[in-house]
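Report on the following structure.
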Amino acid sequence: MPREHSSLDQRFTDSLEKLLSDIDGGLSGIGGDNSENTERHPLFSENSREALHRAGIVPDFDGRVDLKVADDAMSCTATFFPPQGNGKLIEVDDIYPLLDAKGVVTGVKWKEIEEYVFAANTDREQISGVIVAEGIRPHPAVPAQLVPEAALLDSRPGWKDDELQVDHRAFSNFVLVEEGDVLARLKPAEVGMPGTTVTGQEIKPVQHTVSNLTAGENTRFEDDRLVAACPGRFVVTDTKVFVTRVLEVMSDVGYETGHISFPGDVIIGGEVRDRFTIECDGSLFCNTTLDASEVRVGGDITVIGGIIGRKDGYVSAKGTVSVKFIENCYVEVGGDVRVKTGIVNSVVSTLGSLAMGERGTIIGGSITAQNGVQVTQIGSPSGSPAEIACGIDYTVRDKLIWIRDNSFKLAKKLRQVELQIKKKTDPRLSALKDRIREKIHALNKTAGDIVGSLDTNEDAVVSVSRSIYPGNVIEIGRATHVVSRTRGFVQFTLDKSGGTIKVSPYDPSQSSRS
Amino acid sequence: MSKKILVVDDDEMILFVIRELLEDMGHSVTGVSDPHEAIQLAVDEDYDLIILDLRMPDIDGAELTDRILSRKPNARVLINTGYPGDPLVQTALDRGAVGMIRKPFEIEKLYDFLGKNQDAP
């Protein structure tokens, strides 16, 4: 029943007239007299209710509850509509049939429901989207696993990221441990538990896969802890946690130490003097400058200073190389190469990519990087130009060069023999000529056999974030581009359809640095 | 498939070795050291590939490329040079040469420009 008002002013009359008019219009639009169903009719909106309130008329509405089961059936939410006027209060018992109708059989939060019902009835405020039933999520089955110590993983050295825009820690892993240091912990298996939806459906537990790390060499278990069995370098690969024995030479490598040859990792605290060689199966870490005569490393090379290869300096690493600079040196690398400042008059070949720091400049020499080059500057206004080749496997190319050079030597010999034959007849000369020709053919056949494995990467990119000067040569696969004018902020890619090199604005998203 | 190739170089040893390699690959090779003779041959014959020395006494490879392609636009010219940074290389490429190889020659690029899977004739 609407409440009585002592007086009806003009404002009230106008608003009521408008409302009645709106209702008439709405009813005529849907047809029929729906006066008994106005509570549920969409035309009887909150606006209309407000208008009624403004008019001092409060209709009677029963309290009610709407339920909604989530798509995954893991929860059921409710909206409580409070009673209005003299409408019927919501009762907890009203909710049983609603839950039944929705198929909700478990996880019902009766205590919360009682509180919502009470609040809706007393506060007369709508309570929306509250969870009234919740399923039980399954607990995944997790096998036992060896988890490396986070502190060791985080303590790998390297330059700061902002100095080089490269996370050197990603490939410069030189963490030393003492005997007994904890390397990893054995996390026990967790049994999987099924879950249940609010509609009573069982959900089978998921079987989680974990890394299959195992304990490697120079480690032992102490209860659930894997510890170092000797001092050395902590290493984690995809399959195992282990410690490699480390040779630490804290002085310079020179006449006091002699050449270094070691089956594990080597740490050099001082400088490596010219003419002294280092050979190791593991990785090499050098705190200062590496004056390289001959360095052959089975793993990674990390040099805080630079590599200086006076005369015929040669450095090879099967893993990655991370250095400040490279000067006058031949460097061959199986993985990626990171150089902070410059590569000067050097021959650097890698099966990975070359990324240089913010001031990274290449002057002279030649670079072969199968997966591309990211550099700040190539050449200088007065410096000697460089040759940058991408997309090819330098090891195959070097074999082909060896074949070519030997074919050339044999061809020269063949010419000499032919001149001799013209001067005198000697069956031995003819036999020699045949042997040389046979060998040239054998070399050519070998070239044909291996040329297919050159393994070109046509997507390799040479990115120059500042300048490239005239005379520098860019090659991607078989395509060549000779820089004829100074250019800035450019990148070179292979136009596969035309077989030419395309020069376009520098795109940092395609850089090996990012 | 056998291809017909013209090699132009004033270094007879380079001519000889390239010829040996290409003939071992199953191709037919004509080698000349005179660029004027090369122009005539390139115009008169149909070669699948013409390999030009960039620096020759009378006429450079870029000019030679221009003269050949102006009379035989479909010819495929490959520049051979000891100085890849030579500005003439890019000039020749701009004038229509299909690529550059380093002297005395680059086996992989020769295979590439002739098609990798060579069948004997």
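A, B, ... follow the sequence lines: proteins, then strands. Residue 1 opens every chain.
- By the 6.0 Å contact criterion, OH on A:Tyr314 is enclosed, its count of non-hydrogen atoms from other residues, nucleotides or ligands being greater than 12.
- Heavy atoms from other residues, nucleotides or ligands lying under 6.0 Å from NZ of A:Lys318 number 12 at most.
- Shown are A:Leu443, A:Ile440, A:Leu410; of these, the side-chain contact (heavy atoms from CB on, under 4.5 Å) with B:Glu20 is made only by A:Ile440.
- Put simply, CD on B:Glu106 and CG on A:Leu400 are 10.0 Å apart, with the number rounded to the nearest 0.5 Å.
- In plain terms, the two heavy atoms of A:Phe408 and B:Pro104 that are nearest each other are CE1-CB, 3.5 Å.
- Side chain of A:Arg478 to main chain of B:Asp112: a donor-acceptor pair is present (N/O by atom type, distance under 3.5 Å, no hydrogens or angles).
- Atom NZ of B:Lys72 has more than 12 neighbouring heavy atoms from other residues, nucleotides or ligands inside a 6.0 Å radius.
- The most heavy-atom pairs under 4.5 Å with chain B, out of A:Lys412, A:Arg397, A:Lys445, come from A:Lys412.
- The part of A:Leu414 that comes within reach of chain B is its side chain, from C-beta onward, which places non-hydrogen atoms under 4.5 angstrom from that chain.
- When heavy atoms are compared at a cutoff of 4.5 Å, A:Ala479 does not approach chain B at all.
- Here the side chains of A:Arg415 and B:Glu12 are in contact, with some heavy-atom distance below 4.5 Å.
- Here the shortest heavy-atom pairing between A:Ser407 and B:Val17 reads CB-CG1, 4.2 Å.
- A salt bridge links A:Glu387 with B:Arg102: the closest approach of a Lys/Arg side-chain nitrogen to an acidic carboxylate oxygen falls below 4.0 angstrom.
- Between atom CD1 of residue B:Ile107 and atom CD1 of residue A:Ile450 there is a gap of 7.5 Å, rounded to the nearest 0.5 Å.
- The 12-atom threshold is exceeded at NZ of B:Lys4, counting heavy atoms of other residues, nucleotides or ligands nearer than 6.0 Å.
- Surrounding CD of A:Gln420 are more than 12 heavy atoms belonging to other residues, nucleotides or ligands, all under 6.0 Å away.
- Nearest approach of B:Gln90 to A:Thr480, heavy atoms of both residues: OE1-O, 4.4 Å.
- If you measure heavy-atom distances from A:Val473 to chain B, the contacts under 4.5 Å come from the side chain alone.
- Heavy-atom pairs under 4.5 Å with chain B peak, among A:Gly448, A:Gly477, A:Gly499, A:Ala386, at A:Gly448.
- Both the backbone and the side chain of B:Ile14 come within contact range of chain A, with heavy atoms under 4.5 Å apart.
- Interface residue B:Leu21: backbone and side-chain heavy atoms are both found under 4.5 Å from chain A.
- The closest side-chain heavy-atom distance from A:Val482 to B:Asp86 is not below 4.5 Å.
- In terms of modelled atom types and a separation under 3.5 Å, the side chain of A:Arg404 and the main chain of B:Phe105 share a donor-acceptor contact.
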